[in-house]
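Chain A is the first sequence line, chain B the second, and so forth, proteins listed ahead of strands; every chain is numbered from 1.
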Number of protein chains: 4
Amino acid sequence: MARSGDSVDVRVRRSKAAVLAQTYELLTAGGIGGVSIEEVSRRSGVAKTTIYRHWPSRAALLVEACSTIGSAPAVPDTGSFDGDLTALTEELAEQLRSARWATVLPSIVDAAEREPELAGLHADLHARLMAPFGVVAERARARGELRTDRGPADVTAAVAGPLFYRRWFSREPLDAVFVARVVEDALGHLGVQPRST
Amino acid sequence: MARSGDSVDVRVRRSKAAVLAQTYELLTAGGIGGVSIEEVSRRSGVAKTTIYRHWPSRAALLVEACSTIGSAPAVPDTGSFDGDLTALTEELAEQLRSARWATVLPSIVDAAEREPELAGLHADLHARLMAPFGVVAERARARGELRTDRGPADVTAAVAGPLFYRRWFSREPLDAVFVARVVEDALGHLGVQPRST
Amino acid sequence: MARSGDSVDVRVRRSKAAVLAQTYELLTAGGIGGVSIEEVSRRSGVAKTTIYRHWPSRAALLVEACSTIGSAPAVPDTGSFDGDLTALTEELAEQLRSARWATVLPSIVDAAEREPELAGLHADLHARLMAPFGVVAERARARGELRTDRGPADVTAAVAGPLFYRRWFSREPLDAVFVARVVEDALGHLGVQPRST
Amino acid sequence: MARSGDSVDVRVRRSKAAVLAQTYELLTAGGIGGVSIEEVSRRSGVAKTTIYRHWPSRAALLVEACSTIGSAPAVPDTGSFDGDLTALTEELAEQLRSARWATVLPSIVDAAEREPELAGLHADLHARLMAPFGVVAERARARGELRTDRGPADVTAAVAGPLFYRRWFSREPLDAVFVARVVEDALGHLGVQPRST
DNA sequence: CAGTAAACGAGACGGTACGTCCCGTCTTATG
DNA sequence: CATAAGACGGGACGTACCGTCTCGTTTACTG
């Protein structure tokens, strides 16, 4: 019995890999609406039949294809909450500027708005993206740098709120000045004294 | 004189109205992706030919249909920046909870991300939604309640950032407690002393 | 009062003429199926409205446009039935080879098959085309060259039958040899002794 | 091995059959101009897509639908050319009076006049309709009843010319008297002595 | 290492939507 | 009041994908 999860037919593995790769490609290029089984099949060389055999619906395929998206970068450890938050925020800003998922997120948000199947996907992705802030927050709390009535969610919101708003709603550039100010304000919110400047 | 731009054929007026109404209906129900010329034609009773006569493309139709969306509510005038902002923020939160445009916005953001034709639409809509904050900010500045280095955009961002983030990204409820805190924080950011409560 | 048939508005006359001309053009180019009010309007510069004012239906317009088609050539008078028939047959063969109506007739026959409105048109055209044979036949009968139990219809059929069959059904060339033979055979049928050659 | 060209997908066979049947129906009802892919699809229950998959164009569909039309009746064998020709001519006259193809032929002739794609169709149909005359002629020639300088085409023309002319051009009834006379005349043309009367 | 069960490709199928074209009717405004 | 201009509903066009389905053929695992 031993191997059971692994003993997948080689062909299956190959097909799934090819399909997921192309789905991801289409996803980042055209958002959720840009992914069609037809096109995935055409590009991957995997027959439509096969795709539907492995994923019961387009949504299922999208969910799996998104599961690799936006995998969190290393959590920084500068020694201070202040430093960690700055590093994390700059990283997030950078990703919002250039990462593939930044182009795709709105379409996922939209999908989550009306297809329950995809709402979970949105939640997962969001959790994954925000996880590092949680880690940093916990660490800071443990060190006594963060008030106990301020949790990870507050930290996340304090940073992501302004950044996301600027990226997708006001559509102004996410320049260094702006990012610095976001960090400063966030620290203020959270009742943390910036170490210096 | 007088009539010139108005003297549009009655039939044209009727057709356009019917089409726009149904487009709006479909839009709020299924987002941008849920609007198809075929369905609009079917529901409005206006022939597809006629629709294409008035709007060269689906995008053009969407733009016009969205132009009525999210028309700003009356700007409150409570006498203080504090009061105005509170009223405005509560109103925005309420709309985010229930207004039709709140369901549609993500699909517009997504569209703006890849169809330049629709990016303008997004900008317009955003401006319309945020206009009241600008009015209130200007008024406050005139009254000396708001520092001169803080403009309308700052006010808007301070409120909309958290609200939007919560509505579409963290997907937690926009309850009264949260809204109150947003206002409080915003005032803090803006360097305004809350009057009392 | 007085003049009443003539006192047609100049504009009416001009419009009708332009419309009929273009209808005829389209008719000879594409048969009955090739005539559309839309196209006639476009080419003639006369508004569709105007066309429908003057002709209640497409059929009516076609009928009038066809009334000029295939106007009979001069009836030959060589002095003998033999000679007349030869001349007439050669003329008919020539027209079948090149005249505009030869291209159009099948579509008229087809139309006559299912649209009663156009059946009359077919009858008229046919009568017009065949009239000369009638004249020649009568003349021959008067001269005693043609048996009294053979009338114009017999003469017409004896010549047109083979010619038409060849033109539209067997689709072989209407060459001189064939035409000569048709005349010879026809004379045989009709019980007329060819004079000599 | 046997089946090879036969082993067509059952579904394909069914679809094609349904489509051809309805095409034939529309064809006989309204001529070539009365056939629209849309209507064929609607009546046959076969999707438009599927129709276009099997036939690249309306013309191709018509060609195939016509290929079954006017399939020749049994060739009579009365023992004499005289008898055979009489039987065949009466049969043809009967068909011209009532057969479905008799209503359709003019539209095919018309189409052949301008659409090369359909000219072949006309030729095929004509050949099919006239084949029996060829058989009878050959048989008669073998028996010495028909002069060697008169071939099938002559026989065909001698009979079909008058019949077709009467059916579609003079539009007089194809009564028994007329048919008898056509046979008599044809035999005369062909230099055959009627056996008796 | 043979037999078998699965995985697979190819593609038929019924649909829906597309955007275009032309139809014949009807309304409006101009000359 | 004849006309030009053109809006309108309707229908067909041929194309592109969609997701479902039925095949016949590999091909990798297993007994």
Side-chain angles (χ1 to χ4, degrees), chain A residues 3 7-16 18 35-42 44-58 61, chain B residues 7-16 18-19 33 35-42 44-58, chain C residues 8-16 35-42 44-58 61, chain D residues 7-16 18-19 35-42 44-58:
Chain A
R3 66 227 227 297
S7 81
V8 199
D9 195 311
V10 204
R11 297 168 296 174
V12 174
R13 217 195 315 275
R14 223 185 1 201
S15 298
K16 291 190 89 168
V35 175
S36 82
I37 303 287
E38 192 85 22
E39 189 64 19
V40 170
S41 163
R42 205 174 301 132
S44 65
V46 174
K48 267 195 298 178
T49 327
T50 305
I51 300 179
Y52 279 108
R53 222 188 316 266
H54 293 317
W55 295 274
S57 66
R58 202 182 74 121
L61 172 58
Chain B
S7 81
V8 199
D9 196 314
V10 206
R11 296 167 298 173
V12 174
R13 218 195 315 274
R14 230 189 349 208
S15 298
K16 292 189 91 168
V19 167
V35 175
S36 85
I37 302 281
E38 199 83 26
E39 187 65 17
V40 170
S41 165
R42 210 173 297 130
S44 65
V46 172
K48 239 189 336 168
T49 325
T50 303
I51 300 179
Y52 279 107
R53 226 188 310 266
H54 294 313
W55 297 275
S57 66
R58 205 183 72 120
Chain C
V8 198
D9 196 314
V10 207
R11 297 169 298 175
V12 174
R13 217 197 314 277
R14 227 190 353 207
S15 299
K16 292 190 86 166
V35 176
S36 82
I37 303 286
E38 192 85 21
E39 189 62 21
V40 169
S41 164
R42 204 174 302 133
S44 65
V46 173
K48 271 196 294 180
T49 330
T50 308
I51 301 179
Y52 280 106
R53 215 190 320 271
H54 294 315
W55 295 275
S57 67
R58 202 183 75 122
L61 173 57
Chain D
S7 81
V8 198
D9 196 314
V10 208
R11 296 166 298 173
V12 174
R13 219 199 310 278
R14 229 190 350 207
S15 299
K16 292 190 90 168
V19 168
V35 175
S36 85
I37 302 281
E38 199 83 26
E39 186 65 18
V40 170
S41 165
R42 210 173 296 130
S44 65
V46 172
K48 238 187 340 166
T49 325
T50 303
I51 300 180
Y52 280 107
R53 227 187 309 265
H54 294 315
W55 297 274
S57 65
R58 204 183 72 121

Q.
Let's test your reading of the model: under 3.5 Å, does the base of F/dG10 pair with the side chain of B/Lys48 as donor and acceptor?
A. no
Q) Does B/Thr49 get its side chain close enough to the base of F/dA7, under 3.5 Å, for a donor-acceptor pair? A) no
Between [atom2] of [N] and [atom1] of [X], the distance in whole Å:
{"X": "D/Glu38", "N": "F/dG11", "atom1": "CD", "atom2": "P", "answer": "10 Å"}
{"X": "C/Glu39", "N": "E/dC21", "atom1": "CD", "atom2": "P", "answer": "13 Å"}
{"X": "D/Arg11", "N": "F/dC21", "atom1": "CZ", "atom2": "P", "answer": "12 Å"}
{"X": "A/Tyr52", "N": "F/dG19", "atom1": "OH", "atom2": "C1'", "answer": "4 Å"}
{"X": "D/Arg58", "N": "F/dG14", "atom1": "CZ", "atom2": "P", "answer": "8 Å"}
{"X": "D/Arg14", "N": "F/dC23", "atom1": "CZ", "atom2": "P", "answer": "10 Å"}
{"X": "B/Arg13", "N": "E/dT28", "atom1": "CZ", "atom2": "C1'", "answer": "13 Å"}
{"X": "C/Ile51", "N": "F/dG6", "atom1": "CD1", "atom2": "P", "answer": "16 Å"}

Sugar-phosphate only, base, or nothing, as touched by [X] at under 4.0 Å among non-hydrogen atoms:
{"X": "D/Val46", "result": "sugar-phosphate"}
{"X": "D/Arg42", "result": "sugar-phosphate"}
{"X": "B/Arg53", "result": "base"}

OP1 or OP2 of [N] under 4.0 Å from side-chain N/O of [X]:
{"X": "D/His54", "N": "E/dC13", "value": "yes"}
{"X": "A/Ser15", "N": "E/dC8", "value": "yes"}
{"X": "C/Thr50", "N": "F/dA4", "value": "yes"}

Q: Might you work through the side chain to side chain contact (heavy atoms under 4.5 Å, CB included) test for A/Thr49 and A/Arg53, ending with a clear yes or no?
A: CA-CA 6 Å; A/Thr49 327; A/Arg53 222 188 316 266; 3.8 Å; yes
Q: Could you pick out which residue, D/Val35 or A/Ile37, lies toward the 5' side of DNA chain F when each is mapped onto its nearest nucleotide?
A: D/Val35
Q) How far apart are the closest heavy atoms of B/Ser44 and B/Ala18, and which atoms are they? A) CB-O, 3.8 Å
